[in-house]
Amino acid sequence: MDIAFIYIGLAQSLFSAFIIYFKKPRNVANRILGFWLLAISGMFALNIVKIHFEATQDFWPISLTLSTSFPIFLYIYTKYVVSDYTKFQALDYLHFVPLLVGCFVLIYFVPSLTVGIEEFKEELHNINPPDEVGYVFRLYIWVYCILALIFIINYRKRIKNYFSFKSYKNSLNWLVFIIIAFLVIYNYIIYISTKYYLGAYMPNIETFRSGALLLFVYILSFWGFKQNQLATNIRTPKLNIFRKDDELESDRYQKSGLTKKKAENYANTLINHMNNSDSWKNNELTVAILSEETNIPKHHVTQVLNENIKKNFYTFVNEYRVEQAMQMIKSPEYDTLSFVGIAFESGFNSKTAFNIFFKKYTGMTPSEFKRSKRKSA
């Protein structure tokens, strides 16, 4: 069973790495995920070496380095999913420097790595408390996962500035699920590994470790393949959950260089475009799409909406949709059309989103609005 999990894990992680790395449209987030899956495949490859050549000890510094890189990959992947970067930022390479240095030190200072792993286990026995190393590793994982979650929290605080719809694609619930799965699975792997190195009798430890890692590969491959880097106008995600949304926006707008006259022209362009086109009928309309349609930079679209029109992007677009829905509800021509049909015809992507925004805008549910218009007629 050990070897089955390992070979399946190697094949699956390599296959997923190739598919996701070259997935179109190609973006930074997918390339990061591809490299992460490639690193995971390295772990499975080292386990194969262990079983066939009984030489895992020779590679344990590399195995430790690969394991330690996983939280970093998760953190950086999250950053680039919610960002609008077209290139990998050089500063992000610094996260991996301590790992490479640590790997070099381990190899340099352990003259015989075959003996080195046994010496390492003896040292673990002398640590007080004995599983202190496991605690440190867990803390390291939690820190990077919390930083990744902060990126998502900050993104969600401003999501209405980027999208005119709500779905699992832009809510990032799938990414939260990946982070939680990583925390649960990898803490489990660390726990049983620590106990094993401290002398606990675990004859099937590779089955448990490889099986758990394979499960995470399936989770990561499935959701990673389905998602894309979000087309937002965030350039530098702020690791701050305590500042309010308007404070974050105002800081960014001060550096935009947009003049008052140009902002007014942009505001008129946006309003005229929405009045004279059916752009709002696109139920996946985003700031990026509207920017292309109006030739207004994305960051200026959100700035003009917030400062000149006094609305976020979500409200701005959905008001047009509700107005269309109101006209359809009042018209006898659409009497046979259900509210779900009206919602989709008006540009909403779900009945729930339609009902919530309709009531917020009109003070009535669609049914109440329809009854009131019939009474007045």
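Both backbone and side-chain heavy atoms feed into the values below; hydrogens, waters and symmetry mates do not.
Within the 3.5 Å criterion, the main-chain N or O of Asn272 finds a donor-acceptor partner in the side chain of Asn276. In terms of modelled atom types and a separation under 3.5 Å, the side chain of Trp280 and the main chain of Ser277 share a donor-acceptor contact. Between the side chain of Lys310 and the backbone N or O of Leu305 there is no donor-acceptor pair closer than 3.5 Å. Side-chain N or O atoms of Gln89 include one that pairs as donor or acceptor with a backbone N or O of Lys87 at under 3.5 Å.
Considering only heavy atoms from C-beta on, Ile289 comes within 4.5 Å of Thr286 through its side chain. Side-chain contact between Leu183 and Trp142: present, with at least one pair of heavy atoms (C-beta onward) separated by less than 4.5 Å. Between Tyr191 and Ile189, every side-chain heavy-atom pair lies at or beyond the 4.5 Å cut-off. You'll find the side chain of Val304 reaches within 4.5 Å of the side chain of Leu270, heavy atoms only. Pro332 has its side chain within reach of Asp335: a pair of non-hydrogen atoms, C-beta onward, lies under 4.5 Å apart. No side-chain heavy atom of Ser16 sits less than 4.5 Å from a side-chain heavy atom of Leu220. Counting only heavy atoms from C-beta outward, the side chains of Val317 and Met274 approach each other to under 4.5 Å. Contact annotation: the side chain of Tyr21 never approaches that of Leu37 to less than 4.5 Å [non-hydrogen atoms, C-beta and beyond].
Within a 6.0 Å sphere centred on CD of Glu293, other residues, nucleotides and ligands contribute more than 12 heavy atoms. Heavy atoms from other residues, nucleotides or ligands lying under 6.0 Å from NZ of Lys359 number 12 at most.
Partners of Tyr218 under the ring-ring contact (aromatic ring centres under 6.0 Å, His included) rule, at least two apart in sequence or in another chain, do not exist in this structure. Legend: residues meeting ring-ring contact (aromatic ring centres under 6.0 Å, His included) with Phe22, ordered by chain and number and at least two apart, are Phe18. Applying the ring-ring contact (aromatic ring centres under 6.0 Å, His included) criterion to Tyr77, with sequence neighbours excluded, gives no partner residue. Under the side-chain hydrogen bond (donor to acceptor under 3.5 Å, both in side chains) criterion, Glu319 pairs with Lys311, sequence neighbours left out. Remark: Tyr266 pairs with no residue by the side-chain hydrogen bond (donor to acceptor under 3.5 Å, both in side chains) rule, at least two apart or across chains. Here Thr315 pairs with Asn312 under the side-chain hydrogen bond (donor to acceptor under 3.5 Å, both in side chains) rule; sequence neighbours left out.
Taking CD1 of Ile20 as the reference point, atom OG of Ser221 lies at 5.0 Å (rounded to 0.5 Å). Atom CZ of Phe354 is separated from atom CD1 of Ile356 by 12.0 Å, given to the nearest 0.5 angstrom. Rounded to the nearest 0.5 angstrom, Leu38 CG and Arg31 CZ are separated by 14.5 Å. One distance of note links CG of Leu147 with CG of Leu74; it measures 10.5 Å at 0.5 Å rounding. A distance of 12.5 Å separates OG1 in Thr294 from CD1 in Ile271, rounded to the nearest 0.5 Å. The line from CZ of Phe73 to CD1 of Ile32 is 8.5 Å long, rounded to the nearest 0.5 Å.
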Query raised in the report: Run the side-chain contact (heavy atoms from CB on, under 4.5 Å) check on Asn306 and Phe313 step by step: do they pass?
Result: CA-CA 8 Å; Asn306 282 278; Phe313 182 72; over 6 Å; no

Report task. Please lay out, stage by stage, how Leu290 and His273 fare under the test side-chain contact (heavy atoms from CB on, under 4.5 Å). Result -> CA-CA 9 Å; Leu290 188 59; His273 176 76; 3.6 Å; yes

Query raised in the report: Taking it one step at a time, do Phe216 and Trp223 satisfy ring-ring contact (aromatic ring centres under 6.0 Å, His included)?
Result: CA-CA 11 Å; Phe216 182 69; Trp223 287 108; over 10 Å; no

Query raised in the report: Does the pair Glu284 and Asn349 meet the rule for a side-chain contact (heavy atoms from CB on, under 4.5 Å), with working shown?
Result: CA-CA 8 Å; Glu284 292 193 352; Asn349 69 340; 5.8 Å; no

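No donor-acceptor contact under 3.5 angstrom links the side chains of Tyr80 and Asn27, judged on distance only. A donor-acceptor pair shorter than 3.5 Å can be found between the side chains of Arg321 and Asn318. Donor-acceptor pairing under 3.5 Å is recorded for the side chains of Glu323 and Tyr361. For the 3.5 Å distance criterion, the side chains of Tyr186 and Ser67 qualify, holding a donor opposite an acceptor.
Aromatic ring centres of Phe348 and Phe358: separated by at least 6.0 Å. Aromatic ring centroids of Tyr314 and Tyr162 lie 6.0 Å or more apart.
Placement of Val184 and Phe208 within a single hydrophobic cluster is found when ILVMFWY residues are connected by side-chain heavy-atom separations under 4.5 Å, directly or transitively.
Just one residue in the list Phe70, Tyr75, Phe88 forms a ring pair (Phe, Tyr, Trp, His ring centres under 6.0 Å) with His95, and that residue is Tyr75.
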